[in-house]
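Scroll down for the structure; my scribbles are underneath it.
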Amino acid sequence: MPSYNPADVEPRWQAFWETSATFRTPDPGDPSVAGKPKYYILDMFPYPSGSGLHVGHPEGYTATDILARFQRMRGFHVLHPMGWDAFGLPAEQHAIATGEHPSINTKNNVDNFRRQIKSLGFSYDWQREVDTTDPDYFRWTQWIFLQIYDTWYDPELKKGRPISELPIPPDATDKQAYIDSHRLAYLAEVPVNWCEALGTVLSNEEVIDGKSERGNHPVVRRPLKQWLMRITAYAERLIDDLASLDWSESIKQMQRNWIGKSVGAEVKFQVSGSKFQVEVFTTRPDTLFGATYMVLSPEHALVAQITTPEQKTAVEAYQQQASRKSDFERTEMAKTKTGVFTGAFALNPANGKEIPIWIADYVLAGYGTGAIMAVPAHDERDFEFAKQFGLPMVTVVTPNEKWLKDTGSVIDDLNEAYTDDGLAMNSGMLDGMTTEEAKRKITAWLVVEGKGEAKVNYKLRDWLFSRQRYWGEPFPILHELDAAGNRTGVIRTLEATDLPLTLPTLADFKPTGSPDGPLAKATDWLTVELDGKTYRRETNTMPQWAGSCWYYLRYIDPQNPQAFADAGKLNHWLPVDLYIGGAEHAVLHLLYSRFWHKVLFDRGYVNCVEPFHKLVNQGMILGENGEKMAKSRGNVINPDDVVKEYGADALRLFEMFMGPLEAVKPWSTKGVEGVYRFLGRVWRLMIDDTAATVTLNATVKDVLPDRDALRILHHTIQKVTDDTARLSFNTAISTMMEFCNYFTKLEVRPRAVLEPFVLLLAPYAPHIAEELWAALGHGPTLAYEPWPGYDPELVKADSIEVPVQVNGKLRAKLRVPAEIDDAALKAAALADAKVIEALAGKTPKKVIVVPRKLVNFVV
RNA sequence: GGUGAUGUAGCCCAAUUGGUAGAGGCGUCCGUCUCAGAAACGGAUCGGUGUGGGUUCGACUCCCUCCAUCACCA
């Protein structure tokens with residue numbers, strides 16, 4: 001087997017690493033890691049789907065593996081684990097279809113994923129593998145849920161605190177209700193997308209045109225009692241702490257947008273002739289005088305109470321219709337606005353004028369107060385709505401001349417909404433003020449009048465945390481029942497010692513068609529007698545995000561039966577130094593995870609405020625035709641096939657060579673062949689491919705490398721080291737290709753340059769590197785060999801070529817000593833025949849000498 | 001519509017603080033080897049950086065306009 005044969009080399013080394021436990025990570029305190037700095041490199045763990053790995057997975061995993069191997073060789077104590085985010089809908093649907101417990105399907109998929117990942121030679125510590133569906137894992141998911149349940153947010157200290165420390169006002173009529181309403185995990189009635197036919201709640205993404213994405217069944221908005229997490233309490237900290245993170249600006253921006261902080265005012269409008277008030281949030285309180293009507297969301301609690309008898313039928317019909325639309329459809333800009341007049345009027349608090357109150361579905365119940373003051377002259381949607389229904393419009397911000405001209409408007413008759421800042425007009429006390437001044441003035445006035453206050457609003461809503469599913473973590477929650485079997489409203493939590501609460505076995509996993517979820521069918525499991533009382537278990541399960549919120553903590557101490565992880569170990573490893581994964585998790589997972597981490601921090605369980613210090617998103621790999629890989633397009637590449645044909649090292653190398661890690665780039669089979677050829681050249685550089693066994697090539701000699709050989713080597717070490725450290729893997733690989741091309745041409749290849757090269761290659765193509773390392777007479781593994789160092793002196797060339805320009809045009813190239821100083825360089829340039837010709841006897845007005853780089857004469 | 005990113009050779013991509021536009025790979029062509037092909041090896045090929053302006057001795061790099069593509073949000 002003299003020629004390069006990954007099918008022989010790779011399984012052999014994978015078996016060696018496995019049996020030798022090469023990548024077992026010792027716990028902190030182990031003598032073998034004394035004095036080493038730590039480095040925690042995390043992958044976004046996969047959902048083990050039935051279709052197996054696609055080539056996008058190994059892209060991120062290879063990047064982290066290169067870093068992990070690199071850092072080990074650089075003397076770091078490296079944590080590099082892998083696991084499975086294995087709860088989720090596909091396994092449940094498989095179970096519904098087959099009647100087979102979802103854990104069986106999940107296990108099969110996990111086994112397949114593990115096999116595939118292992119075939120790529122990643123240096124994970126497999127002893128730390130975690131699986132979110134393992135009761136020993138989700139026991140702690142449930143435990144963390146209970147900590148969150150046991151926490152309230154103190155807005156004074158800006159900190160989550162034990163619920164036992166919550167001050168209860170003496171006038172609170174129902175103390176328990178007061179406490180429960182302050183917990184970070186709480187039950188509340190919220191409008192959800194309910195699909196009767198499927199018997200479950202759906203996310204907004206699962207609803208299309210008021211129908212379920214699967215099955216096309218009708219979906220309605222319906223209030224249901226659900227578990228929520230008070231992530232909104234942490235909104236400010238989730239924004240502020242982004243500043244300290246080494247994340248790309250675009251991901252930070254996405255998180256900021258999602259949280260959607262806006263500063264403005266809350267204003268109270270009195271409903272004419274009634275005791276009711278409508279509160280609205282606005283970012284433009286300066287336009288209050290221009291509020292000519294109000295709009296409530298169709299779900300707003302006051303709608304029924306203020307609607308006049310004449311309008312009742314129309315309003316109710318409209319509410320019905322709106323309940324069938326998703327938020328997305330309702331807020332789409334392009335759609336024609338719809339709405340209905342309630343018959344009621346409100347008083348504009350600024351000028352006392354009566355303005356009509358409408359309902360319209362472009363106002364969402366969940367954002368702000370679920371009601372708006374409409375300022376059609378200065379808000380696009382209000383403008384469209386006013387045009388549609390012939391509502392009055394008053395300009396209260398003076399548009400600039402250019403805008404008036406561009407839009408063909410005159411001040412009292414705008415052709416579109418003027419949304420920019422400008423001087424206030426038609427606004428009484430605000431007239432002539434800038435937008436900034438007017439905002440401040442009117443807000444202060446509202447406070448004095450008791451009609452409003454400054455307010456910060458967030459687009460972020462509390463996190464809907466329950467699902468009507470089987471295949472998820474059960475809540476460790478009991479609902480107390482009275483003698484008649486009805487809920488008393490009292491909630492009891494399971495003791496930590498009673499965890500995990502495992503899922504009951506069911507004969508069928510279909511939804512029940514009621515908001516209870518499939519767990520309600522487990523009659524034996526459902527009812528619990530404790531201390532003479534009867535309880536019914538919570539039958540919803542947690543969303544898939546739950547397990548992935550904290551898995552990076554469990555890797556640190558995966559078998560700990562006493563705690564989710566040992567405090568000392570957490571202190572050692574946290575935070576994660578580098579986290580790599582797909583951009584699809586830029587918002588939800590990363591936000592939820594940061595939220596949980598902050599609660600755990602507040603409660604003293606972790607020692608840092610942010611879990612992931614540096615985050616990198618690998619770009620998507622497209623199909624060979626430049627389109628997104630999809631079965632329907634027939635352009636999906638299966639990593640198994642690539643490994644079979646070219647080997648794992650070639651796959652790893654190619655995925656890193658395609659381009660920058662973060663870029664979107666197309667697959668290229670020719671490109672894989674290219675790196676495969678490179679590996680073949682590296683092999684032949686050192687191995688005699690005519691020999692019967694792996695034998696060193698006769699050109700490999702124990703001779704002193706010459707000056708050029710040393711320069712190439714040290715340049716290669718420098719470039720590969722720097723590029724690897726900054727995740728510029730594609731350029732590191734091209735540098736190694738240059739090295740190989742150079743030495744391939746030589747008949748004498750000094751061992752002293754080949755050996756460091758093999759070490760440089762090792763993080764990228766570990767199998768071939770181990771094989772070559774062994775062939776060079778070393779062993780048993782290079783995984784912990786010190787990373788080669790370089791001498792900057794040796795990187796320098798003896799002589800360099802310096803371009804000479806006259807008026808910015810290239811006129812000559814000088815071959816000069818590398819150490820030349822500026823004066824000598826200038827002199828050399830002036831002495832050059834071509835330069836003399838170009839100057840044509842003129843004296844340069846200016847001479848620019850860039851040290852050792854360039855000379856430019858300006859004449 | 002908003003936010004962010006990206007436009008360099010036939011293709012994928014380099015060019016770290018503005019300083020000779022080109023490292024690497026793919027493709028194509030020509031050689032060597034071969035009966036021939038494949039493989040391997042050697043050599044060559046091609047553009048002036050999406051567009052239009054500006055700053056500068058000098059711009060892929062900085063600033064402005066527009067265009068295109070992608071991602072996220074609406």
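Proteins get letters first, then strands, A, B, ... in listed order; numbering begins at 1 in each.
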**Asked** Applying a 3.5 Å limit to both distances, which nucleotide forms a Watson-Crick or G-U wobble pair with rU51(B)?
**Response** none
**Message:** Suppose we screen for side chain to side chain donor-acceptor pair (under 3.5 Å). Which residues come up paired with Glu59(A), at least two apart in sequence or across chains?
**Reply:** Lys665(A)
**Asked** Quick one: side chain to side chain donor-acceptor pair (under 3.5 Å) partners of Asn625(A), sequence neighbours excluded?
**Response** Asn635(A)
**Message:** So, using salt bridge (charged side-chain N to carboxylate O under 4.0 Å, His left out) as the criterion, who are the partners of Arg677(A) when residues are at least two apart?
**Reply:** none
**Nucleotide paired to rC72(B) in any strand shown, Watson-Crick or G-U, under 3.5 Å** = rG2(B)
**Fill in**
The Watson-Crick or G-U wobble partner of rC33(B), with both key distances under 3.5 Å, is none
**Prompt:** What is the glycosidic conformation of rG48(B): syn, defined as within 90° of 0, or anti?
**Reply:** syn
**Item:** Length of the OH-P vector between Tyr458(A) and rC73(B), whole Å
**Value:** 21 Å
**Request:** Taking only Lys NZ, Arg NE, NH1 and NH2, and the carboxylate oxygens of Asp or Glu, determine whether Lys719(A) and Asp722(A) approach each other closer than 4.0 Å.
**Result:** no
**Item:** All ring-ring contact (aromatic ring centres under 6.0 Å, His included) counterparts of Phe743(A), not counting sequence neighbours
**Value:** Phe739(A)
**Nearest-angstrom distance from the residue atom CG of Leu460(A) to P of rA74(B)** = 12 Å
All N/O pairs under 3.5 Å across the protein-nucleotides 53-63 of chain B interface:
unit_1	atom_1	unit_2	atom_2	d
rC57(B)	O2	Asn856(A)	ND2	2.5

**Request:** Provide the distance between the two P atoms, one in rC13(B) and one in rG18(B), to the nearest whole Å.
**Result:** 25 Å
**Request:** Determine whether the aromatic ring centres of Phe729(A) and Phe657(A) lie less than 6.0 Å apart.
**Result:** no
**Asked** Of Ser728(A) and Val675(A), whose nearest nucleotide on RNA chain B comes first from the 5' end?
**Response** Ser728(A)
**Integer-rounded Å distance: rU20(B) P and Leu825(A) CG** = 13 Å
**salt bridge (charged side-chain N to carboxylate O under 4.0 Å, His left out) partners of Arg284(A), counting only residues at least two apart** = Asp286(A)
**Request:** Using the closest heavy atom to pick a nucleotide of RNA chain B for each, name whichever of Gly671(A) or Val587(A) lands nearer the 5' end.
**Result:** Gly671(A)
Just the atom pairs and distances: protein N or O near nucleotides 39-46 of chain B's N or O, under 3.5 Å.
unit_1	atom_1	unit_2	atom_2	d
rA40(B)	O3'	Arg684(A)	NH2	2.8
rC41(B)	OP1	Arg684(A)	NH2	3.3

**Item:** Sugar-phosphate or base contact per nucleotide [nucleotides 4-13 of chain B; S, B, -; heavy atom under 4.0 Å]
**Value:** S-------SS
**Message:** I'd like the P distance from rC29(B) over to rG37(B), given in whole Å.
**Reply:** 14 Å
Give every donor-acceptor pair under 3.5 Å between a side-chain atom in residues 578-589 of chain A and any protein atom, sequence neighbours left out.
unit_1	atom_1	unit_2	atom_2	d
Tyr579(A)	OH	Tyr551(A)	OH	2.6
Tyr579(A)	OH	His589(A)	NE2	2.8

**Contacts of type side chain to side chain donor-acceptor pair (under 3.5 Å), residue Lys826(A), not counting sequence neighbours** = none
**Prompt:** Which base, if any, makes a Watson-Crick or G-U wobble pair with rA14(B), both distances under 3.5 Å?
**Reply:** none
**Asked** Rounded to whole angstroms, how far apart are CD1 on Ile251(A) and C1' on rU3(B)?
**Response** 13 Å
Let me have the donor-acceptor pairs involving side chains of residues 641-649 of chain A, under 3.5 Å, with sequence neighbours excluded, atom names and distances please.
unit_1	atom_1	unit_2	atom_2	d
Tyr646(A)	OH	Glu673(A)	OE2	3.2
Asp649(A)	OD1	His767(A)	N	3.4
Asp649(A)	OD1	His767(A)	ND1	2.7
Asp649(A)	OD2	His767(A)	N	3.3
Asp649(A)	OD2	Ile768(A)	N	2.8

**Whole-angstrom distance between rU8(B) and rU69(B), as gauged at atom P** = 14 Å
**Request:** Please confirm whether Phe654(A) and Trp667(A) have ring centers closer than 6.0 angstrom.
**Result:** yes
**Prompt:** Partner of rC46(B) by Watson-Crick or G-U wobble geometry, both contacts under 3.5 Å, or none?
**Reply:** none
**Request:** Could I get the full list of salt bridge (charged side-chain N to carboxylate O under 4.0 Å, His left out) partners for Glu236(A), not counting sequence neighbours?
**Result:** Lys261(A)
